[in-house]
Q: 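First the structure, then my questions, so here it is.
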Amino acid sequence: MASLAFFFVLISSTFLSSQANNLHLQQLRTQDESFTSILVSQNGLDFVKDLLVNEAISSIIPLQLPATIEKSARIPFLGNVHMVISNVTIYEIDVLASYVKLGNSGIAIVASGTTCNLTMNWHYSYSSWLVPIEISDGGRASVEVEGMEVGLTLGLENHEGTLKLSLLESGCYVKEITIKLDGGASWLYQGMINAFEEQIGSAVESAITNKLKDGILKLDSFLQSLPKEIPVDDNASLNVSFVENPELSSSSIEFDINGLFTDGKNVQPVSKHYRQVLQPSVFCIDQSKMLGISLDEAVFNSASALYYDAEFMEWIVDKVPDQALLNTAGWRFIIPQLYKKYPNDDMNLNISLSSPPVIRISEHNIGATVYADVIIDVVEGSQVISVACISLVSLLIRT
């Protein structure tokens with residue numbers, strides 16, 4: 001009767017294991033699906049914005065304006081006056097305030113109340129009928145630009161699994177310029193040099209705008225160069241290719257990536273041993289958090305299937321804390337026939353999973369169903385003899 005009961009349990013376990021195999025052998029639908037979502041909140045956007053602003057400033061300065069600004073005028077009694085400003089260099093930028101705003105048109109970043117300090121060379125020459133020789137002077141000047149506002153609007157879209165960044169709009173507006181001359185008879189020429197304010201302002205606006213365009217191109221190249229696969233170990237890689245375009249709301253950006261584990265050797269997706277259960281998009285209740293990450297249970301099941309296929313879920317147990325349990329003498333009262341046939345022989349347990357663990361995730365807990373076969377081997381001399389097989393089903397739940 002006991003043997004019949006044991007046989008029934010074995011058959012039932014085999015039936016359950018067969019059901020699990022049918023479940024995990026479902027095909028991967030496509031690689032164009034998202035199994036992981038990342039949401040960047042307003043705090044996260046502000047953090048990234050500050051990084052970009054600081055990086056932009058460090059990449060801009062020192063910035064030498066390419067143009068040499070010249071101006072000629074005929075002044076009574078002095079004659080033709082030729083003025084030249086050259087080697088105009090921005091050496092300091094200070095941003096008072098900045099913000100990032102999301103909308104249907106893209107991502108807008110604005111820096112306001114910006115001050116900009118420059119240095120330049122100035123030169124002055126003129127001749128008149130009163131003085132037959134040319135008179136010239138020159139020196140250095142410091143320039144302070146105040147109330148400057150810099151803004152740009154960025155587009156962000158998915159391009160073959162990577163992020164493509166594009167500059168939709170950009171602009172720089174200079175409100176006020178103060179020029180202070182040093183050297184020579186600077187006090188004499190201060191008023192005339194002030195006539196260069198408009199040209200200097202335009203040159204600063206153009207130089208900063210062009211520099212921002214170059215910076216966005218470099219940032220786009222960096223994003224395009226990011227790998228679509230991240231190696232985990234010799235057997236597995238993580239597919240981090242982007243799926244569809246980022247979703248913009250008024251205070252957050254959501255990125256969808258594939259997120260599945262793939263075969264690191266063949267760079268192929270794990271294609272049979274899991275199924276997807278659609279999860280809701282990331283929802284951050286605590287707005288103080290910068291990031292929210294949502295993982296579909298298919299991510300865990302893809303890892304489970306991959307390492308199962310790589311034969312990592314097989315173990316031979318020949319050492320236990322109570323070593324007497326791995327000797328037939330320890331079982332002589334439980335299974336007398338075993339001890340009678342193999343007296344005082346060592347044993348080991350050959351444990352293998354008959355299918356990948358099936359992981360389930362709900363709002364309040366995470367669980368895994370594990371189907372395992374335990375083969376009891378007797379070691380007799382140089383021979384390893386299998387004497388029994390037990391199929392087990394374990395349900396593990398973590399709340």
Side-chain angles (χ1 to χ4, degrees), residues 28-56 59 98-111 150-171 212-230 232 237-262 269 276-300 302 361:
L28 171 69
R29 287 176 286 185
T30 65
Q31 287 195 72
D32 297 329
E33 292 181 86
S34 169
F35 300 91
T36 300
S37 298
I38 301 174
L39 184 139
V40 184
S41 67
Q42 185 64 55
N43 276 352
L45 292 171
D46 290 336
F47 177 77
V48 174
K49 176 261 300 177
D50 291 339
L51 288 179
L52 291 177
V53 169
N54 292 333
E55 180 63 27
S59 65
S98 61
Y99 66 88
V100 57
K101 185 176 181 180
L102 305 178
N104 295 330
S105 59
I107 307 167
I109 301 176
V110 177
V150 182
L152 49 86
T153 301
L154 304 174
L156 198 59
E157 61 183 359
N158 173 38
H159 178 68
E160 298 180 353
T162 62
L163 287 179
K164 181 171 181 57
L165 186 68
S166 59
L167 183 62
L168 304 179
E169 292 181 68
S170 65
L212 288 175
K213 290 179 180 179
D214 293 340
I216 295 302
L217 289 175
K218 291 179 181 178
L219 183 56
D220 176 56
S221 297
F222 170 75
L223 293 175
Q224 292 284 313
S225 67
L226 292 176
K228 298 180 184 179
E229 299 266 349
I230 298 178
V232 177
S237 296
L238 188 63
N239 185 341
V240 292
S241 57
F242 288 87
V243 179
E244 299 185 354
N245 293 326
E247 185 176 334
L248 278 63
S249 69
S250 60
S251 60
S252 64
I253 301 179
E254 182 178 335
F255 300 95
D256 294 329
I257 66 174
N258 181 270
L260 296 181
F261 286 84
T262 62
Q276 180 196 32
V277 177
L278 294 177
Q279 300 290 333
S281 297
V282 180
F283 180 69
C284 287
I285 299 176
D286 188 352
Q287 294 299 318
S288 65
K289 305 299 182 183
M290 293 186 183
L291 286 177
I293 301 177
S294 173
L295 299 177
D296 190 279
E297 63 187 33
V299 174
F300 300 96
S302 69
I361 299 175

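All residue numbers in this chain count up from 1 along the given sequence.
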Q: Determine whether a donor-acceptor pair (N or O, by modelled atom type, separation under 3.5 Å) exists between the side chain of E297 and the backbone of I361.
A: yes
Q: Can a side-chain donor-acceptor contact be found between N43 and S41 if the only test is distance below 3.5 angstrom?
A: no
Q: Does S98 offer a backbone N or O that forms a donor-acceptor pair with the side chain of K49 under 3.5 Å?
A: yes
Q: Apply side-chain contact (heavy atoms from CB on, under 4.5 Å) to residues I216 and L165 and explain how you reach the verdict.
A: CA-CA 7 Å; I216 295 302; L165 186 68; 4.1 Å; yes
Q: Should L167 and L154 count as side-chain neighbours, where that means a heavy-atom distance under 4.5 Å?
A: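 Yes. Closest side-chain heavy atoms under 4.5 Å.
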Q: So which heavy atom on P227 is nearest to which on V240, and how close?
A: O-CG2, 3.4 Å
Q: Taking atom CD of E169 as the centre, does the number of heavy atoms from other residues, nucleotides or ligands within less than 6.0 Å exceed 12?
A: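 Atom CD in E169 is not packed in, count stays at 12 or less.
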Q: Measure the NZ-CG distance between K164 and N245 for me, rounded to the nearest 0.5 Å.
A: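 Here the interatomic distance stands at 12.5 Å.
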Q: Given side chains that start at C-beta, do those of E229 and N239 come closer than 4.5 Å, heavy atoms only?
A: yes
Q: Is it true that a side-chain atom of K228 and a backbone atom of E160 form a donor plus acceptor pair closer than 3.5 Å?
A: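 Here the side-chain-to-backbone pair exists.
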Q: Nearest 0.5 angstrom please: S241 OG to D256 CG, how far?
A: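 S241 OG to D256 CG: 11.5 Å, rounded to 0.5 Å.
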Q: Would you say that L163 contacts P246 through its side chain, given a criterion of any heavy-atom pair below 4.5 Å between the two side chains?
A: yes
Q: What is the distance from atom CD of E247 to atom OG of S37, rounded to the nearest 0.5 Å?
A: 9.0 Å
Q: So L291 and I38, do their side chains get closer than 4.5 Å, heavy atoms only?
A: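 Yes, side chains in contact.
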Q: Quick one: does T36's side chain get under 4.5 Å of I293's, heavy atoms only?
A: yes
Q: Going from CG on L226 to CD on Q224, what distance comes out if it is rounded to the nearest 0.5 angstrom?
A: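 That separation rounds to 9.0 Å.
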Q: Would you call K213 and S170 a side-chain contact if the rule is heavy atoms closer than 4.5 Å?
A: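 In contact.
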Q: Quick one: does any side-chain atom of S302 pair with a main-chain N or O of F261 as donor and acceptor, under 3.5 Å?
A: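 Yes; judged by distance alone, with no hydrogens or angles, the pair exists.
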Q: So, N54 side chain and D50 main chain: donor-acceptor pair closer than 3.5 Å or not?
A: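 Looks like yes, one N/O pair under 3.5 Å.
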Q: Does T153 use its side chain to pair, donor to acceptor, with the backbone of I107 at less than 3.5 Å?
A: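 No, the answer is negative, given that no donor and acceptor are paired below the 3.5 Å cut-off.
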Q: Would you say the side chain of L52 lies within less than 4.5 Å of the side chain of V100, judging by non-hydrogen atoms?
A: no
Q: Please round to the nearest 0.5 Å and tell me the distance separating atom CD of E244 and atom CD1 of I257.
A: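 CD1 of I257 is found 13.5 Å from CD of E244.
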Q: Closest approach of L102 and S251, non-hydrogen atoms and distance?
A: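 Minimum heavy-atom contact is CD1-C, 4.2 Å.
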Q: Any side-chain heavy-atom pair from L156 and F255 closer than 4.5 angstrom?
A: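 The answer is yes, as the side chains (C-beta and beyond) meet within the 4.5 Å cut-off.
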Q: Is there a donor-acceptor contact under 3.5 Å from the side chain of D296 to the main chain of F35?
A: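 Between the backbone of F35 and the side chain of D296 there is no qualifying donor-acceptor contact (under 3.5 Å).
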Q: As an exercise, state the distance from CG of L260 to OG of S237, rounded to the nearest 0.5 Å.
A: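 Here the rounded value is 12.5 Å.
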